[in-house]
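To start, the structure itself, in structure tokens.
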Amino acid sequence: MSDLTDRLQQLQTDALAELAAAADGDAVDALRASLFGRSGRLTQLLRGLADIDAAERPATGKLANTVRDTLEEAIRGRMAALTEAAAGSRLAGEALDMSAPGRPWRVGHLHPTLTVERDLREIFHAFGFEVFEGPEIETDAMNFEALNMPPDHPARDLWDTLYVAEPGVDPPQPAADGTILRTHTSPAQIRAMQALRPPIRVITPGRCFRYEAVDASHGFEFFQAEGLVVDHDTSLVDLKGMLEEFARALFGEATRTRFRPGYYPFTEPSVAFDVSCLVCGGSGCPACGRSGWMTILGAGMVHPSVLRAGGIDPDEFQGYAFGMGLDRITLLRHGIPDLRLLMSADLRFLEQFPAGR
Ligand code: DAH
């Protein structure tokens, strides 16, 4: 046996072992090139056939062919096996287990104050009101002056105000242009009158801010909704009828109501509007201070100066307005004792009010 015969056999043994160790298609390709390439190991051995004895050449040539065929076949087989394995593991990774239980889908719900706001929108929508929203950052002119409270008017003390600071001034002082955080939604009345023409029927829900010492019934951030109607021949009778219907729609048909005299600079006359106690129904309990009544909003006939500030001629049109605290109504609706809970973002509290009512 010639030296070449040994080397052919050895190459086959080595190559098959290397092939078995090839981990992926790239390794197999590299091995193929190292055997069959122009200067590949098998290519070089085959060149050696020309130099051996003519007598040995047929047998050695036959062996060389066998080695070549064996290696080619083995490489094809290994490549196919590797490709199949790769596809298999990709499929396994993408597999969808149709029998697996579904992942629980956490469904939230509206905050109870927002539910009150939505109910309000719905009720007033039925009465033909549209929603008109004003900005949370307001001007002194809108929040006070246009509402019949010139600078130094004593009624301003009813609304402790958070001022936006003048930029770059130390110590801080109120912005010279009168930028403030609105203390009530009433400035949206002015904006509605300026933007719309009578007949006007709007509600203006939104967030308000006051410089308050926070306790069980006061927050520095809270929600209100304002109602405004401007039309020919609008009277206190219309206001009373509207508020009675509203109270029954929001709190139930059995709700009784009453007007008491009140004071606001932007309405004349002004009233406080009470509903029969939502806890005891009117017989008197701690929640209503044993009076049987709860005050839910302030209202009145829009003051002529306020109509004028809104660009409306008070000799031609009259209007009524009302404003209420949505947080307070939320507390009353659910018998919640402390306003601070509403802003606590505590799910143990909030999850008790899934439907709002
Ligand atoms: N803006 C008042 C407040 O914050 C509430 C209010 C009272 C609004 C009477 C009105 C109104 O529109 O007519 O206390």
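One is the number of the first residue; the rest follow in order along the sequence. All ligand and atom numbering here is 1-based and tracks the order in the structure.
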task = Step through the shown structure and confirm whether more than 12 heavy atoms of other residues, nucleotides or ligands are within 6.0 Å of CZ on Phe259.
result =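 For Phe259, atom CZ is crowded (more than 12 foreign heavy atoms under 6.0 Å).
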Original post:
Hey, does the Lys NZ or Arg CZ of Arg260 hover above the aromatic six-ring of Trp293, less than 6.0 Å from the centre and inside 45° of the axis?
Top reply: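 Because its charged atom misses either the 6.0 Å distance or the 45° angle limit, Arg260 does not stack over Trp293.
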Practice problem: Look at the side chain of Thr267 and the backbone N and O of Ser270, then say whether any donor-acceptor pair between them is shorter than 3.5 Å. | Solution: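 A pair under 3.5 Å: no.
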- Give the intermediate values and the outcome of side chain to side chain donor-acceptor pair (under 3.5 Å) for residues Thr185 and Glu226. CA-CA 6 Å; Thr185 46; Glu226 196 86 6; 2.8 Å; yes
Kindly print each ligand 1 N/O atom paired with any protein N/O atom under 3.5 angstrom away, one pair per line, or none if nothing qualifies.
residue: ligand 1; atom: 1 (N); partner: His184; partner atom: ND1; Å: 2.9
residue: ligand 1; atom: 1 (N); partner: Ser186; partner atom: OG; Å: 2.9
residue: ligand 1; atom: 4 (O); partner: Trp159; partner atom: NE1; Å: 3.1
residue: ligand 1; atom: 4 (O); partner: Arg210; partner atom: NH2; Å: 2.9
residue: ligand 1; atom: 4 (O); partner: Gln224; partner atom: NE2; Å: 3.0
residue: ligand 1; atom: 12 (O); partner: Gln189; partner atom: NE2; Å: 2.9
residue: ligand 1; atom: 12 (O); partner: Glu226; partner atom: OE2; Å: 2.5
residue: ligand 1; atom: 13 (O); partner: Ala321; partner atom: O; Å: 3.2

Calculate, to the nearest 0.5 Å, the distance between atoms CG and CZ belonging to Leu342 and Phe222 respectively.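 Spacing of CG (Leu342) from CZ (Phe222) equals 13.0 Å.
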- Please round to the nearest 0.5 Å and tell me the distance separating atom SG of Cys208 and atom CZ of Arg182.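 One finds 5.0 Å between SG of Cys208 and CZ of Arg182.
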